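Fair warning: this is a prediction, and the values are worked out from it, not measured in the lab. Letters A, B, ... are given to chains in the order of the sequence lines, protein chains preceding strands, and every chain is numbered from 1.
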Amino acid sequence: MKKGDHLFLVDGSGYIFRAYHALPPLNRKSDGLPTGAVLGFCNMVWKLMQDSRNTDVGITPTHFAVIFDYSSKTFRNDLYPEYKANRSAPPEDLIPQFGLIREATRAFDLPCIEMEGFEADDLIATYARLAREAGGDATIISSDKDLMQLVGPSVGMYDPMKDRQIGVPEVIEKWGVPPEKMIDLQALTGDSVDNVPGVPGIGPKTAAQLLEQFGDLDTLLARASEIKQDKRRQSIIDNADKARISRDLVTLKIDVPVKEGLDDFVLQPPNGPRLIGFLKAMEFTTLTRRVAEATSTEVAEVEAASLVIERADAAHGPDVGFPSTPAARSSAAKAAGNGAAEPAGGPDSANKDGTTPSLLSALRAEAAVAEKINVDAYSCILDLPTLQAWVAEAREAGLVAFDTETTSLDPMQAELIGFSLATAPGRAAYVPLGHKSGRGDLLGGGLLEGQIPVRDALAALKPLLEDKSVLKIAQNLKYDLVVMNRHGIDVVSYDDTMLISYVLDAGTTGGHGMDDLSEKWLGHKTLKFKDIAGSGKRFVGFDQADLKQATAYAAEDADVTLRLWRVLKPRLAAKGLASVYERLERPLVPVLAQMEQRGISVDRQILSRLSGELAQGAGRLEDEIFQLAGSRFTIGSPKQLGDILFGRMGLPGGSKTKTGQWSTSAQVLEELAAEGHELPRKIVDWRQLTKLKSTYTDALPGYIHPETKRVHTSYAMAATSTGRLSSSEPNLQNIPIRTSEGRKIRTAFIADKGNKLVSADYSQIELRVLAHMADIPQLRQAFADGIDIHAMTASEMFSVPVEGMPSDVRRRAKAINFGIIYGISAFGLANQLSIPREEASDYIKRYFERFPGIRDYMDSTKAFARENGYVETIFGRRAHYPEIRSSNPQHRAFNERAAINAPIQGSAADIIRRAMVRMDSALAEAKLSARMLLQVHDELIFETPEGEVEATLPVVRSVMENAAMPAVNLAVPLQVDARAAHNWDEAH
DNA sequence: ACAGAAGCTTA
DNA sequence: GTAAGCTTCTGTT
């Protein structure tokens, strides 16, 4: 082996297990021999060996070997007898495949390497070292984290199932430490699968942070006393020996006395007949044909190889090689019945899109109006003068559809790959900027030649996007706005087809994504992103896409956006919805884009401390739960839990879920706990702790942006039926507050140094909106007087004076008030209050007697919805309920409740939208530098310099309290409570 | 690897 | 009883 040579080392054993679990089971047709993993293996190896067409890895191997584990017993068992002790036996239908895969390796003429006493990983480590020392490179075909310690400048990894390169940056991204520290990291975290102990309470996040702080494991153990957190320090001091043993266990041996040398691994051209003989015997028809073509072999002339199938565990019976479990048999039958070529799927899928013929014909009629779309007619712009000509053309036209292509759905992470423009239907172009050349080094190719330099292209584009006399049209503009903002470009004068569609059609079937809209309005099926850039394991990224295809896809997006705009924009005015779009949607786009870009500071230390506490609490509860249950089980499995509670322990079951399982919901468990059962209480507590840990303390740090060090959520403007926003990745609209434990998570949301967080929230905004809309005198009066609204309701209903009212009476009234907003039903109220349905029914009756205006409002809203198919907020936003006329009483009732709720929830959503749109200019006018960061439906969070807090609070309150005006003069005052503090918990 | 169910968090 | 999003487990591919 010499410089420039490249060794591929396939982790054969690792691949067998992954292929077995990831791929559908497959059985040889003639006798049912399980062969799924074998086929996966053969496909993968064949792909890797095909040098000239090997675009996946981007490198050509000169040397190739497949490495296997020899037996489960290795030198590590002498170090630590429990090593890999809790491994269970492999599945029955996998056993015969071990031998077949070795057989396959030989059929490929590849060295099949294994050695007694050593794991495959040690052999891989040794050969990787030998290749490096010989001046060559090595690529390990595996995704096992145990091998990541080997990654370096001349050693890479490649995950064939996800089609992903793993180099130094990927290791750092995944584990937070460079490859050379992986050993220390694994020594600390341990590995439950392999029974490597590690240090209890230390997970990957903590381990990475400790290694960052102390450098390496030895230093950490020597200076453990300096660790601030009491529990963590103690655990590390107490378990130093375990950490050292773990390190020995995870350290791969790079000096195994191997028998074969690298020269034995030189890759030979495939021996067609031998390989085909094996593939034929396996009955892999497609692969056989492919190999025959590539090696110019005549399939018919090759005889299928005769194979000796290794026996599965003899104790399981004589019919070795056949699937003997019922599940395996049925999948064998399925495979045989369907045939290999025919995809599964029944004839019933024809009806799945829910399209009725009448709707379809209407859509076709529309489509006929639209001109045909030809995706091969677009231009690909590769020089500056042409781009400048397109910019001039857009100026001339006064409008241009615009779209960006990037590397990520998250605009804060996305790198610009190109952009497209359209100036008239069918006239669209794509400007590639960051496409990579297919081939290159391990980490992907270099920049494709012939593209306009990003700086030049953006310099040409910037004046166009910032020109207020040219209308920019985009689909989901907020995304492109964030991307362009990050390149110093500010887009003004724009329309957003997604938002126009949302205003027109919120709640109708079908989403507001471009693919849906194109089909609905243009009758045109767009190219799919995944067909250009791949998806799942075949994802390669848009920057790897072929330029011709990329042009067709990207320019089509701009073309379709422009055509959609021409269809949709006029409809706004026609339906009287222009002001909803112009006041509540369009101006919010840059506001949200800024909030997303600002992000909020989250204190890692606080979260990691909480995470440790939660782990301890959950661990203790787990022990107690197992004690009480009398056995160990997966507490998180409702199925297993139900079996224990209602089966083995014989507790009375409450309700059932729709799949017929006993429900183990918190409500059921609370009831059992109230009857004095110990276990359900502990389950509820355990669930609380593990929920907080997994959803919040463990997940949030992963969202901290590497550069800004802040958390940037993403707001969806067109996701809800009512006009509310939604927040995702991460969802910052469901951060805990109800319990004191959960609340602690809010203390991790903090203001930057010298700043405070301001939280301002509307008090009872939905009830106030209801009081206005339904015009209820008592409610209006109570809000005008600032009286406790739930107490007032209770007083009216139960004739109890507000003074000295029992808390339970108020609680019931509060539940009823909420119920009204949700379109109350006796069933729901009974559930909420745990009272008989008759009693709930009686409450509702009394409520309507005292507040007849509410019943009138509900009835008229239902009637309006049935008549028109939609309901409206006080600002004219529509929410559609096309199924409110359903003949299914349950379904209809559900739609009625939703229709009653939508104007209330939606009006409140509109009000806070109006406040948000006005907020920035109001703050600027008052010369305040407060920055709006978050919205949580009825609350806004700001970050503001400490010195400006007092001046900021009244401005924020005033904007929010007056947000409905002048469009609507509410009959009820809005009240906003605002507070400032260092963290979100104290500010709220 | 992926989808659906169950469960839990918020307003 | 309204509106959302995320995690875990489980069965299927």
Report yes if a side-chain nitrogen or oxygen of A:Thr664 is closer than 4.0 Å to either non-bridging phosphate oxygen (OP1 or OP2) of B:dG7; otherwise report no. yes

With heavy atoms under 4.0 Å as the rule, sort A:Ala908 into base, sugar-phosphate or nothing. nothing

Among C:dG1, C:dA3, B:dT9, find the nucleotide with the atom closest to the side chain of A:Arg897. C:dG1

Heavy atoms under 4.0 Å, any strand shown: does A:Gln661 hit a base, just sugar-phosphate, or nothing? nothing

Closest non-hydrogen atoms of A:Tyr881 and A:Ala902, given as atom of the first, atom of the second and distance, are OH-CB, 3.3 Å

Quick one: on DNA chain C, does A:Ser726 or A:Tyr20 contact a more 5' nucleotide (nearest heavy atom)? A:Ser726

Minimum-distance nucleotide to A:Ser694 side chain [options: C:dG1, C:dT7, B:dC8]: C:dT7

Rounded distance (Å) that lies between atom C1' of B:dA1 and atom CZ of A:Phe17: 18 Å

Give a yes/no answer on whether the side chain of A:Arg687 brings an N or O atom under 4.0 Å of OP1 or OP2 in B:dC8. yes

Under 4.0 Å from OP1 or OP2 of B:dA6: is there any side-chain N or O of A:Thr657 that close? yes

Between A:Arg738 and B:dT10, does any side-chain N or O lie under 4.0 Å from OP1 or OP2? yes

Taking the side chain of A:Ile824 as its heavy atoms from C-beta onward, which of C:dG1, B:dT10, B:dG7 lies nearest to it? C:dG1

How many angstroms lie between atom CZ of A:Arg878 and atom OG1 of A:Thr508, to the nearest 0.5 angstrom? 12.0 Å

Taking only the side-chain heavy atoms of A:Ala898 (C-beta and beyond), determine which of C:dA3, B:dG7, C:dC9 contains the nearest atom. C:dA3

Mind calculating the distance between CD1 (A:Ile912) and C1' (C:dA3) to the nearest angstrom? 15 Å

Give A:Asn731 one of three labels, base, sugar-phosphate or nothing, depending on what nucleic acid heavy atoms sit under 4.0 Å from its own. sugar-phosphate

Any donor-acceptor N or O pair under 3.5 Å, side chains A:Asp977, A:Tyr762: no

Rounded distance in Å - CD1 (A:Ile941) to C1' (B:dT10): 13 Å

What does A:Ala815 touch in the nucleic acid at a heavy-atom separation under 4.0 angstrom: a base, only the sugar-phosphate, or nothing? base

Among C:dT2, C:dG1, C:dT7, which nucleotide sits nearest the side chain of A:Thr695? C:dT7

Base, sugar-phosphate alone, or nothing: which one does A:Ala719 contact when heavy atoms must sit under 4.0 Å apart? sugar-phosphate

Using a 4.0 Å cut-off on heavy atoms, which residues in residues 831-842 of chain A reach DNA chain C? List them by number, or say none. A:Asn831, A:Gln832

Just compare B:dC8, B:dT9, C:dA3 and give me whichever is closest to any side-chain atom of A:Tyr696. B:dT9

Starting at the 5' end of DNA chain B, what dot-bracket string do you get if Watson-Crick and G-U pairs under 3.5 Å are bracketed, crossing pairs use [ ], other-strand pairs use | and unpaired bases use dots? |||||||||||

Using only side-chain N and O atoms of A:Thr690, determine if any of them is under 4.0 Å from OP1 or OP2 of C:dT8. no

Does a nitrogen or oxygen in the side chain of A:Thr659 sit under 4.0 Å from OP1 or OP2 of C:dT10? no

Please give me the minimum heavy-atom distance between A:His790 and A:Leu767, naming the atom from each residue. CE1-CD1, 3.9 Å

Can you tell me how far CG of A:Leu607 sits from CG of A:Asp698, rounded to the nearest 0.5 angstrom? 9.0 Å

How many Å lie between CD1 on A:Ile820 and C1' on C:dG1, as a whole number? 10 Å

For a quick check of understanding: with a heavy-atom distance under 4.0 Å over all strands, which category does A:Thr720 fall into, base, sugar-phosphate or nothing? sugar-phosphate

Give A:Gly823 one of three labels, base, sugar-phosphate or nothing, depending on what nucleic acid heavy atoms sit under 4.0 Å from its own. nothing

Of the nucleotides C:dG1, C:dA3, B:dT9, which has the atom closest to the A:Phe827 side chain? C:dG1

Indicate, with a heavy-atom threshold strictly under 4.0 Å, whether A:Ala666 touches base, sugar-phosphate, or nothing. sugar-phosphate

Strictly distance-based, threshold 3.5 Å: is any side-chain N or O of A:Tyr158 a donor or acceptor partner for the main-chain N or O of A:Ser143? no

Over 60° means perpendicular and under 30° means parallel, so tell me whether A:Phe749 and A:Trp984 are parallel, tilted or perpendicular. perpendicular

Has A:Gln935 got a side-chain atom pairing as donor or acceptor with A:Leu940's backbone, closer than 3.5 angstrom? no

Got a second to check how far A:Met412's CE is from A:Thr713's OG1, nearest 0.5 Å? 12.0 Å

Would you find more than 12 non-hydrogen atoms of other residues, nucleotides or ligands less than 6.0 Å from A:Glu729 atom CD? no

Rounded to the nearest Å, what distance is computed from the CD atom of residue A:Glu741 to the P atom of nucleotide B:dC8? 17 Å

A:Leu732 side, atom CG; A:Leu934 side, atom CG - distance, nearest 0.5 Å: 5.5 Å

Side-chain donor/acceptor of A:Gln733 to base of B:dT10, under 3.5 Å: no

Here the distance between atom P of B:dT9 and atom CG of A:Leu614, to the nearest Å, is 12 Å

Enumerate the side chain to side chain donor-acceptor pair (under 3.5 Å) contacts for residues 826-845 of chain A, please, sequence neighbours excluded, ordered by first and then second residue. A:Arg812-A:Tyr843, A:Glu839-A:Tyr843

Integer-rounded Å distance: C:dG5 P and A:Tyr715 OH: 13 Å

So A:Phe818, base contact, sugar-phosphate only, or nothing? Heavy-atom distance under 4.0 Å. nothing

Would you classify A:Ile904 as touching base, sugar-phosphate or nothing, given that sugar-phosphate means primed atoms plus P, OP1 and OP2, and contacts are heavy atoms under 4.0 Å? nothing

Can you check the A:Gln935 CD to C:dG5 P distance for me, whole Å? 13 Å

